[in-house]
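Taking it in order: structure first as structure tokens, then the write-up.
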Amino acid sequence: MPELPEVETVRRSIAPHAVGRTIERVKVNLPGMVKGCEITYLTDNIIGKEIKRIDRRGKFLLLRLSQGYTLVVHLGMSGRFYYAGEEPYGGFPKHTHVLFLLNDGGFLVYNDPRRFGRINLCRQPEKEVSAIRLMGPEPLGNSCTMDYLRDELKKRRGKIKQLLLDQNLIAGIGNIYADEILFDACIHPERSGQSLTPLETARLFQSIRRVLNQGVRHRGTTISDYVDGRGVPGEFQKHLKVYGREGEPCSVCASEIQRIRVAGRSTYFCPVCQCLEQGKGSEGD
DNA sequence: TAAATCCTGTCA
DNA sequence: TGACAGGATTTA
């Protein structure tokens, strides 16, 4: 579910209810969701800590706690992380795996039907969590420059769609936004990254920033599961140009949107706007 | 580089 | 009943 815009929206919507609060109790219903540290380490050390700040790195939420601890949360494919002012009548929903009771009587709720997510407590996530350690720059930050993108595309192999999904190249892009970015940049998802012309690389760079910013502005994309930190769905699904639109007319040229499989993922594109031969050098991949 | 894997839920 | 789903890691 959650890509950069969704995780960023969760961060922003949860912060007003969590920052400044203290974690009074923690309840782990499904021990398997705690990965990367011992459960007892988490439960023993998190009690009494104040949530000082909430950061995001790629698709990770980082809850900075007092005394140097960080609660690391990844939502996987179907995870939800939200604030609830009180326990709902009839109890928390199915698949609520971890609960944090705050000192205002509210809860931070971690719910994940497919269990692909993870939670752990550590002191230096940027060093201890390898996915974060190896992660590429933030596409909406200053460290991700066009020069960086051009140089990386030059040395990597593979299709551009797959490269956009690689968190070690650029952090936070997932299947929906990769397709929307490539449509915005008029680049076929199966083009090899190395074959992009300087002009196309420049377009891609702009499209990454533009589309992700749009996603954040519309508070994320809700296809089915995703809700923000207060349980509110996003709006960007109303603005998707290609993702999930197989067979529908392209909003630009009215050609039928196609669906293919790239790197094991469903991939939607316009065969005319994103022509495979556009600016193509020679090779395939 | 691709496919299998971890899971449950939903839809055709 | 089978295919597929917003992710990431492991394996062949």
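Just so it is clear: chains get the letters A, B, ... in the order the sequence lines come, proteins before strands, and each one is counted from 1. Worth saying up front: this structure is predicted, and the values here are computed from it rather than measured.
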>> Show me the pairs that pass ring pair (Phe, Tyr, Trp, His ring centres under 6.0 Å) and involve residues 113-171 of chain A, at least two apart or across chains.
In response: none

>> Tell me every residue that passes salt bridge (Lys or Arg N to Asp or Glu O under 4.0 Å) with A:Arg150, counting only those two or more places apart in sequence or in another chain.
In response: A:Asp147

> What pairs of residues pass the salt bridge (Lys or Arg N to Asp or Glu O under 4.0 Å) test when at least one of them lies in residues 105-132 of chain A, not counting sequence neighbours?
Replying inline: A:Arg64-A:Glu126

Using a cut-off of under 3.5 Å, enumerate the N/O to N/O pairs linking the protein to nucleotides 7-9 of chain B.
unit_1, atom_1, unit_2, atom_2, d
B:dC7, O2, A:Arg114, NE, 3.1
B:dT8, OP1, A:Arg115, NH2, 3.4
B:dT8, O4', A:Pro113, O, 3.3
B:dT8, O3', A:His95, NE2, 3.0
B:dG9, OP1, A:Lys94, NZ, 3.1
B:dG9, OP1, A:His95, NE2, 2.6

> Please give, in whole Å, the distance from C:dG7 P to A:Asp179 CG?
Replying inline: 10 Å

> How far, in whole Å, is B:dC7 from C:dT11 if one measures between their P atoms?
Replying inline: 15 Å

>> If the cut-off is 4.0 Å, is A:Arg261 near the phosphate of C:dA5, judged by side-chain N/O to OP1 or OP2?
In response: yes

Expected list for residues 23-36 of chain A: side-chain donor-acceptor pairs under 3.5 angstrom, two or more places apart:
unit_1, atom_1, unit_2, atom_2, d
A:Asn29, ND2, A:Thr96, O, 2.9
A:Lys35, NZ, A:Gly117, O, 2.9

>> Is the phosphate of C:dA5 approached by A:Arg259 (side-chain N or O, under 4.0 Å from OP1 or OP2)?
In response: yes

>> I'd like the C1' distance from C:dA5 over to B:dT1, given in whole Å.
In response: 23 Å

>> Rounded to whole Å, please give me the gap between CD in A:Glu246 and P in C:dA5.
In response: 10 Å

>> Take N1-N3 plus N6-O4 or O6-N4 for Watson-Crick, N1-O2 plus O6-N3 for G-U, both under 3.5 Å. Which runs of 3 or more such pairs involve DNA chain B?
In response: B:1-6 with C:7-12, B:8-12 with C:1-5

> What is the distance from CE of A:Met77 to P of B:dT5, rounded to the nearest Å?
Replying inline: 16 Å

> Got a sec, which residues hit side chain to side chain contact (heavy atoms under 4.5 Å, CB included) with A:Glu138, two or more places apart in sequence or on another chain?
Replying inline: A:Leu4, A:Arg56, A:Arg57, A:Ala171

> Is there any salt bridge (Lys or Arg N to Asp or Glu O under 4.0 Å) pair reaching into residues 85-101 of chain A, and which pairs are they, with sequence neighbours excluded?
Replying inline: none

>> Without decimals, in angstroms, what is the distance between A:Ile132 CD1 and C:dG7 C1'?
In response: 14 Å

> Which residue pairs satisfy the ring pair (Phe, Tyr, Trp, His ring centres under 6.0 Å) criterion with at least one member in residues 38-73 of chain A, sequence neighbours excluded?
Replying inline: A:Phe60-A:His74

> Which pairs count as ring pair (Phe, Tyr, Trp, His ring centres under 6.0 Å) when at least one residue sits in residues 6-33 of chain A, sequence neighbours excluded?
Replying inline: A:His17-A:Tyr83

> Between A:Arg259 and A:Ser266, is a side chain to side chain donor-acceptor pair (under 3.5 Å) present by the stated rule, with each step listed?
Replying inline: CA-CA 7 Å; A:Arg259 177 165 74 132; A:Ser266 267; 2.8 Å; yes

>> Less than 4.0 angstrom between a side-chain N/O of A:Ser266 and OP1 or OP2 of C:dA5, yes or no?
In response: yes

Pick out the pairs of N or O atoms, protein on one side and nucleotides 8-12 of chain C on the other, that lie under 3.5 Å.
unit_1, atom_1, unit_2, atom_2, d
C:dA8, OP1, A:His74, NE2, 2.9
C:dA8, OP2, A:Lys59, NZ, 2.7

> Listed by chain and number, what are the ring pair (Phe, Tyr, Trp, His ring centres under 6.0 Å) partners of A:Tyr243, not counting sequence neighbours?
Replying inline: A:Tyr268

>> Any base atoms under 4.0 Å from A:Tyr243, or only sugar-phosphate, or nothing? Heavy atoms, all strands.
In response: sugar-phosphate

>> Rounded to whole Å, how long is the line connecting atom CD1 of A:Ile260 with atom C1' of B:dA2?
In response: 16 Å

>> For A:Lys49, is the NZ atom crowded, meaning more than 12 foreign heavy atoms sit under 6.0 Å from it?
In response: yes

